[in-house]
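Inspection log for the structure reproduced underneath, given as C-alpha cells.
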Number of protein chains: 4
Amino acid sequence: MGIQERKERERERRRQQIIVAAKRVFSESGFNRSTMEDIAKEAELSPGTLYLYFKNKDELYASLSLRILQYLIIRLEHVTGNDELSPQQKVDALVDAMFDVYDFDPLVIINMFHLQSSETLKNLSEELLSEIEKLSRKSLGAIGNIFKEGIDAGIYIDKHPIALADIFWSMFSGVILWETSKKIINDDKDYLKSTLKAAFEIFVRGLKK
Amino acid sequence: MGIQERKERERERRRQQIIVAAKRVFSESGFNRSTMEDIAKEAELSPGTLYLYFKNKDELYASLSLRILQYLIIRLEHVTGNDELSPQQKVDALVDAMFDVYDFDPLVIINMFHLQSSETLKNLSEELLSEIEKLSRKSLGAIGNIFKEGIDAGIYIDKHPIALADIFWSMFSGVILWETSKKIINDDKDYLKSTLKAAFEIFVRGLKK
Amino acid sequence: MGIQERKERERERRRQQIIVAAKRVFSESGFNRSTMEDIAKEAELSPGTLYLYFKNKDELYASLSLRILQYLIIRLEHVTGNDELSPQQKVDALVDAMFDVYDFDPLVIINMFHLQSSETLKNLSEELLSEIEKLSRKSLGAIGNIFKEGIDAGIYIDKHPIALADIFWSMFSGVILWETSKKIINDDKDYLKSTLKAAFEIFVRGLKK
Amino acid sequence: MGIQERKERERERRRQQIIVAAKRVFSESGFNRSTMEDIAKEAELSPGTLYLYFKNKDELYASLSLRILQYLIIRLEHVTGNDELSPQQKVDALVDAMFDVYDFDPLVIINMFHLQSSETLKNLSEELLSEIEKLSRKSLGAIGNIFKEGIDAGIYIDKHPIALADIFWSMFSGVILWETSKKIINDDKDYLKSTLKAAFEIFVRGLKK
DNA sequence: AATGAATGAGATTTCATTCAT
DNA sequence: AATGAATGAAATCTCATTCAT
C-alpha cells in the first residue's frame, strides 16, 4: 500500500468519523438546531476541521443521505441479483430491505427531504449532487425492476415500474414521517413498524391483478 | 353591523392578509429561510404589525396548518354526511377531497410536519395547540369512518379504521413530499397528480377483499 | 367657574389619573420593563392619549418625582413653619417627615435617581426640568435650614447646612435603595424602617457637639 | 509555563479587556443605553466575541460588580488583619478603604444596585450569582467585624454590627449616587469626596458613646 | 493537518411614538 | 379629545465560516 493510498484511507476514516457524529447530532436536534460546533464536539474534532472534509454544513448533511443511498443500493442489489427468488419473493425481500434501511437510520427520510429543498441544493457541489442523483435514480430503478418482474410475470397490474417505485418509496417515507411526527404522543418504534408492515401489505395486495 | 363586529371583521381580514403572505413566502423559501421581514414585506406591512396578530413566527406558521385542517374537515364532513353514497363511492369522494386539499395548499404536508417538531410545539399557545390536535384527530377519525363503512359492508379487509386512515394519510403526504422534493428536476403538477391518483388506486385495490 | 377653567381642571384630573397609573406600573416593573401600553391599560386609556398629556415616557416618569417633591416640600414647610418646636424637635419632625415621604411612595428614591440620568434629562422639557430643579433646591434648602437652627443654637457641629442636607438625603436614599435591593432575600418593610430609624439615630447623634 | 496555562492566561486577558471596555461604556451611558455593539466596538472586538466570554449582557454587567467586590474584600482584609491597629484606627482605615474602592470604580454602587434587580438576577448563572452573594456577605461581615471591635471595646454604641455595616454601606452608596446624580450641575469629584468625608465623620461621631 | 478564537451578517422580537379616523 | 392600529428603528444573541498559528 503506497503512502498516497494510506493517506487517502486515513482521510476516508476521518470523513466517516464526522458523518457518524453528524448523524447522531442531527438525529438528536434536527438540522437547524444542530450546530457545527456540536458536531465537532461529538466527533472530538475542532469546527475548523469539519471544513477540511466538507465544504459546508449542507454538504455534510447531504453526505448522510449519500451513505444511506449506498446502503440501500447494496441491499437492493442483493435482492435483484438473487435469481433464485420468484417475483413475489423478491417483493417480499424488498420489503425486508426497506426495514433494514429504516433500522440503519430511521431519520433517513427526513434527511432525504431536507436534502431536496432547493435552497439546500444550491449549496452542494456539482459533484456531490450528481452522485446523489445517480444513486437515487439507481435505487429507484432497482425497485422498479423488482416490480417489473411481477408485471412481466403477469401477476401485477400493468403500471410503469418507475411510477410504482415512486409510490412505494413515497409510502415508505410517508409512514415514517407521519408516525415520527406523532412521536410526541406515541414514541413506539414497534407501532411504527407494524404500521409500515400493514402499509406494505396493502400496497402489495393492491399491486396484484 | 355593530362597530364591534366591524372591527372584528377588519381584524380577521388582516389576519388572512398576513396568512396569505406567509403562505407565499414559506412556500417559496421554507420555514427557516423565510424571515418575518420577508413576510411583512409580502403583506405590505411592517414587521411589528405581524406580532399584533401572531405571537411569534412559529404560531404564524402553525396557523397555516390550522387553516388547511379546517378546510380538510369541511370537505370530509361533506363526504361522510352524504348518505346517498355507497361505501365505495365514499372512498372515491374521499380521494377527490384529498385532491382538493392538495389544490388548496400543496405545501400543506410540509407545514404539518414542521408543526410537529417538538421545538416548534414549545412556542405555541396552549389554545392553538389543542385546536390543532382536535382538528387533527377529528379529520383522521372522519377518514377512518369512511373506511369503516367499507369494512362493515364486508368489501374491505378487516383492519383498524384509524390505522387505515394513518396509512392513507401517510401515503398522501408521502407522495406529495416525494414528488415535490423532485420538483427541481420535474416541476410538473400534473405528473404529481397522476402519481397521487395511481397511489390511491393501488391503495384502494389493496383494501378490497 | 369659567369654561376655560373647568377644562383646565378636567385636564389636570386626567394628568393625575395617568400619574397614579404610571406609579403603579413603574413600581411593579421598573422603568424599562414598564411599557406605555401597560400604563395606558392601567389608566384605562389608550396609548395615544398618554401623549396628549406627557411629551414622552421620560417626561411622564419625571412627573412622578415632581409629585413626590411637592409632597416633600409641603411636609417640610410644615416642620420649618412650626415656631413652637425646638431645633431638636424640628429634626425629630424632619425624620418623621421622611418616613411619611417613604410611605407616600417607597420608590421615590429610585425614581429620583433615574430622573437624574443624563440621557433621561435630555428628553425633558426645559420647563419641567427647571421646575424639578427649583423644588429640589427648595427642599434641600428647607432641610438645611432645620439643621442650621441647631447649629445656630450651638447644639450641632458647625458644618455647611446644605452639605448636611445632602448627607441626610443621601443616607435616607441609600438605606432605601440598599435595603430594597436586598428585598429578594428579605422583603420586610418593617426591617427597612428599623434600619432607617437606626440610621437617622446615628446621624443625629453624629451631628451633636 | 505549559500551553494550557498560557491559553488560560490569554483568555483571562481577553476577559479583562472586555470588562474594561464594558466599564467605560456602562459608565458613559448606563446599562440600558449601552449596547453590546458599543462595548464590542470599545473593546475593538466583534459582538459575537463578547458572547464567548460572557453568557449575556447581564452577566457581563454583573462581572463588573464582582471585580469591585474582590477589590473591596482585599482592602477590607488588609484592615481586619492588621492587629496593630486600635478599633478606632481600624474604622479610620475602613474609611480610607472605601475611598480607594470609590477611586477604583466610582460607578461601583450603581452597578451593585442594578445587579440586584430581580429581572437581572434571572439571567445570571447560578455560579456567578452565588459567588457574588458570597463576596457580598463576606464584605459586609468584615465591615461588621470592624465595628464589633469598637463595640466590644466599649467605645461604640451597642448595635448589631451587621446592621451598622448595612447603614455604613448605605451611606457610602447613597452619597455617591446622590452626588453623582447631581453631576450634570456639578461634576466635581473633589466635592463628592469632601461630602463623603463629612458623611463618614458624622457617622463615626454618631457611633461613639 | 488541525485548531479554535474570532468574526459579523442576520434573525426575531419589542415598544415608544405617530396619525388617520 | 381620544383612539389604537401601525410603524420601524433598534437591540440581543446565534452560528456558519474563516484564518492565523
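Order of the sequence lines sets the chain letters (A, B, ...), proteins ahead of strands, with each chain counted from 1.
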Electrostatic pair D/E5-D/R9, nearest N-O below 4.0 angstrom: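 Yes, this pair counts.
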
Electrostatic pair D/R13:D/E10 at N-O distance under 4.0 angstrom: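 Counted as a salt bridge, because a side-chain N and a carboxylate O are separated by less than 4.0 Å.
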
Of B/K55 and D/G48, the one whose closest DNA chain E nucleotide lies more 5':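 The answer here is D/G48.
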
5' priority, DNA chain E, between D/T49 and A/P47 [closest heavy atom]: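 Residue closer to the 5' terminus by nearest nucleotide: A/P47.
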
Under 4.0 angstrom between A/R14 side-chain N/O and E/dA2 OP1 or OP2: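 The answer is yes; a side-chain N or O of A/R14 sits under 4.0 Å from OP1 or OP2.
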
Side-chain N,O (C/S46) to OP1/OP2 (F/dT3) below 4.0 Å: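 Answer yes for this pair, as a side-chain N or O of C/S46 is under 4.0 Å from OP1 or OP2.
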
If I take atom [atom1] from residue [X] and atom [atom2] from residue [Y], how far apart are they, to the nearest 0.5 angstrom?
X: D/S34; Y: D/L60; atom1: OG; atom2: CG; result: 10.0 Å
X: A/E28; Y: A/E42; atom1: CD; atom2: CD; result: 9.0 Å
X: C/L129; Y: C/L124; atom1: CG; atom2: CG; result: 5.5 Å

Rounded off to whole Å, could you give me the [atom1]-to-[atom2] distance for the [X] and [N] pair?
X: D/D58; N: F/dC13; atom1: CG; atom2: C1'; answer: 13 Å
X: B/N32; N: F/dA16; atom1: CG; atom2: C1'; answer: 14 Å
X: C/Y53; N: F/dA2; atom1: OH; atom2: P; answer: 4 Å
X: C/R13; N: F/dA1; atom1: CZ; atom2: P; answer: 15 Å
X: C/F54; N: E/dT18; atom1: CZ; atom2: P; answer: 16 Å
X: D/M36; N: E/dT12; atom1: CE; atom2: P; answer: 21 Å
X: D/E10; N: E/dA5; atom1: CD; atom2: C1'; answer: 10 Å
X: A/L50; N: F/dC19; atom1: CG; atom2: P; answer: 17 Å

Residue closer to the 5' end of DNA chain F, D/S34 versus B/K7 (nearest nucleotide):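 Per heavy-atom nearest nucleotide, the more 5' residue is B/K7.
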
Position toward the 5' end of DNA chain F (nearest nucleotide), D/Y51 or C/L52: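 Residue closer to the 5' terminus by nearest nucleotide: C/L52.
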
Side chain of C/K57 - closest among F/dT14, E/dA11, E/dA16: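 The closest nucleotide is E/dA16.
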
Whether A/Y61 and A/F31 hold their rings parallel, tilted or perpendicular, with breakpoints at 30° and 60°: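 Taking A/F31 first and then A/Y61, their aromatic rings stand perpendicular (interplane angle over 60°).
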
Terminal helix-axis angle for the helix from E/dA2-F/dT21 to E/dT21-F/dA2, with five pairs defining each axis and rounding to 10 degrees: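 Rounded value for the end-axis angle: 20°.
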
Full working for side chain to side chain contact (heavy atoms under 4.5 Å, CB included) between D/L45 and D/Q17: CA-CA 10 Å; D/L45 290 169; D/Q17 173 189 358; 4.0 Å; yes

